[in-house]
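Values below: every heavy atom of this structure, side chains too, minus hydrogens, waters and symmetry copies.
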Amino acid sequence: MRESTEVANQAYKKTIEIRDKYADAIFSKIKGTVQKRKPNLQKWKDAILYDQLFELDLTRTLSSSFAEITFADLNQFRLNENSQAIILKSKINLLNNKTESAVKLEIGDTYYKLFKTPKKEFNLNIQEVKTKINSEYFWVDKQEAQTEVANFKGEISLEEQGSEVTLKENQGSTIAKGKAPNQPKNLLNPPVLILPESFSKIFENTVTLNWSSVENASEYWIEVANDSRFTSIFKFIK
């Protein structure tokens with residue numbers, strides 16, 4: 001009986017050891033000057049493609065730069081220029097094959113692409129703003145005075161000062177520092193591509209893009225990817 005108890009205890013300890021393993025995050029795309037550092041160090045180090053990030057590591061982008069960061073479960077987020085974030089959590093539970101990742105956005109402009117399944121959990125920390133993420137695509141811009149959130153697919157709940165709003169698909173909200181979130185508003189319609197035609201195959205070195213203008217739009221994003229799901233961004237233009 002004692003031997004079986006000891007074996008059971010050893011098995012339990014081993015299970016606890018392997019249950020939560022660190023799941024690496026990597027820099028899957030880099031443009032310009034992207035840096036990282038450990039939480040216990042003051043000096044930033046230039047990041048290179050496929051560099052690893054672990055829990056509590058910090059990363060930032062400088063002017064005219066961006067970084068795409070991919071977790072082991074293929075969830076991704078992109079830091080656009082002059083942005084900084086912390087990898088709060090990056091774990092995989094080997095017993096039930098569930099992953100859990102969390103990011104703290106300290107400042108800047110970020111875009112998230114999540115592969116939402118019951119086995120994947122993603123959390124976003126924006127200091128005072130509490131978030132519940134049930135979205136696959138969304139954008140966040142956090143500055144000193146306010147935070148802006150745009151949701152493209154799924155739902156996102158935002159809570160501040162005891163007030164909560166839920167962003168449906170293609171809705172956005174602004175949260176001024178120390179204030180309740182504004183009621184959701186519908187996002188602008190996307191532009192319509194004029195040239196080249198959708199699904200065209202082009203064998204030239206350059207291509208000219210032409211699209212319809214969108215009323216009240218101040219800027220446009222262009223993404224060039226290596227695959228149809230846009231999981232591997234080749235170029236990002238803003």
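Distance CD/Gln76 to OH/Tyr111: 10.0 Å, rounded to 0.5 Å. Summarising the geometry, atom OG1 belonging to Thr59 is positioned 4.5 Å from atom CD1 belonging to Ile69; distances are rounded to the nearest 0.5 Å. Rounding to the nearest 0.5 Å places CD of Gln146 at 12.5 Å from NZ of Lys179. Summarising the geometry, atom CD1 belonging to Ile107 is positioned 9.0 Å from atom CD belonging to Gln84; distances are rounded to the nearest 0.5 Å. Atom CH2 in Trp211 sits 6.0 Å away from atom CG in Leu209 (nearest 0.5 Å). Atom OG1 of Thr70 sits about 12.0 Å away from atom CG of Asp24, to the nearest 0.5 Å.
Counting heavy atoms from C-beta outward, Phe71 and Ile92 have side chains that stay 4.5 Å or more apart. Looking at Ser90 and Leu53, their side chains never come closer than 4.5 Å, going by heavy atoms from C-beta outward. Side-chain contact between Gln127 and Lys104 is present, with heavy atoms from C-beta onward closer than 4.5 Å.
Side-chain atoms of Asn151 come within 3.5 Å of backbone atoms of Leu167 as a donor-acceptor pair (strictly under, hydrogens ignored). At distances below 3.5 Å, not a single donor-acceptor pair connects side-chain atoms of Ser65 with backbone N or O atoms of Glu81. The backbone N or O of Ser83 lies less than 3.5 Å from a partner atom in the side chain of Thr61, making a donor-acceptor pair. The backbone N or O of Leu158 sits nowhere less than 3.5 Å from a side-chain atom of Thr131 that would complete a donor-acceptor pair. At least one donor-acceptor pair closer than 3.5 Å links the side chain of Thr110 to the backbone N or O of Val140.
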Next item on the list: Would you sort out whether Lys89 and Asn123 count as a side-chain contact (heavy atoms from CB on, under 4.5 Å), showing the intermediate values?
Entry: CA-CA 9 Å; Lys89 186 174 291 186; Asn123 295 294; over 6 Å; no
Check: Please walk me through it: do Leu79 and Arg60 pass side-chain contact (heavy atoms from CB on, under 4.5 Å)?
Finding: CA-CA 7 Å; Leu79 284 176; Arg60 70 180 182 182; 5.8 Å; no
Check: What's the verdict on side-chain contact (heavy atoms from CB on, under 4.5 Å) for Val149 and Trp139, showing C-alpha distance, side-chain angles and the deciding distance?
Finding: CA-CA 6 Å; Val149 182; Trp139 168 85; over 6 Å; no
Next item on the list: Dump the intermediate steps for side-chain contact (heavy atoms from CB on, under 4.5 Å) on Phe27 and Ile48, then the final yes or no.
Entry: CA-CA 7 Å; Phe27 290 99; Ile48 62 175; over 6 Å; no
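Shortest non-hydrogen contact noted between Ser212 and Pro191 is O-CB, 3.4 Å. A pairwise comparison of heavy atoms in Leu187 and Gly172 identifies CD2-N, 3.7 Å as the closest pair. Residues Lys153 and Ser135 come closest through the heavy atom pair O-OG, 2.6 Å. The minimum heavy-atom distance linking Leu58 with Glu106 is given by the pair CD2-OE1, 4.2 Å. Counting all heavy atoms, side chain and backbone alike, Gln42 lies closest to Arg37 at O-CD, 3.9 Å. Considering all non-hydrogen atoms of both residues, Leu105 and Gly108 come closest at CD2-O, 3.9 Å.
Counting non-hydrogen atoms of other residues, nucleotides and ligands closer than 6.0 Å to NZ of Lys142 gives a total above 12. Atom NZ of Lys120 has more than 12 heavy atoms from other residues, nucleotides or ligands within 6.0 Å. Other residues, nucleotides and ligands contribute more than 12 heavy atoms inside 6.0 Å of the NZ atom of Lys119. Dense packing is recorded around CG of Asn40, with more than 12 heavy atoms of other residues, nucleotides or ligands lying under 6.0 Å away.
The same ILVMFWY cluster, assembled from side-chain heavy atoms under 4.5 Å apart, contains both Val129 and Val165. In this structure, Tyr220 is a member of the same hydrophobic cluster as Leu188, with clusters built from ILVMFWY side-chain heavy atoms closer than 4.5 Å. Each of Ile86 and Ile133 belongs to its own hydrophobic cluster when Ile, Leu, Val, Met, Phe, Trp and Tyr are linked at side-chain heavy-atom distances under 4.5 angstrom. Note on Ile222 and Val214: same hydrophobic cluster, where clusters join Ile, Leu, Val, Met, Phe, Trp and Tyr whose side-chain heavy atoms are under 4.5 Å apart, directly or indirectly. In the hydrophobic cluster analysis, where Ile, Leu, Val, Met, Phe, Trp and Tyr join through side-chain heavy atoms closer than 4.5 angstrom, Val34 is grouped apart from Trp44.
Under the rule for a side-chain contact (heavy atoms from CB on, under 4.5 Å), the partners of Asn82 that lie at least two apart in sequence or sit in another chain are Ser63.
Under the 4.0 Å criterion applied to side-chain N and carboxylate O atoms, Lys29 and Glu68 are not assigned as salt-bridge partners. Residues Lys168 and Glu155 are paired through a salt bridge, judged by an N-O separation under 4.0 Å between the basic side chain and the carboxylate. A salt bridge links Asp57 and Lys38; the closest N-O separation between the charged side-chain nitrogens and carboxylate oxygens is under 4.0 Å.
Between Phe77 and Tyr112, the ring-plane angle classifies as parallel under the 30° and 60° cut-offs.
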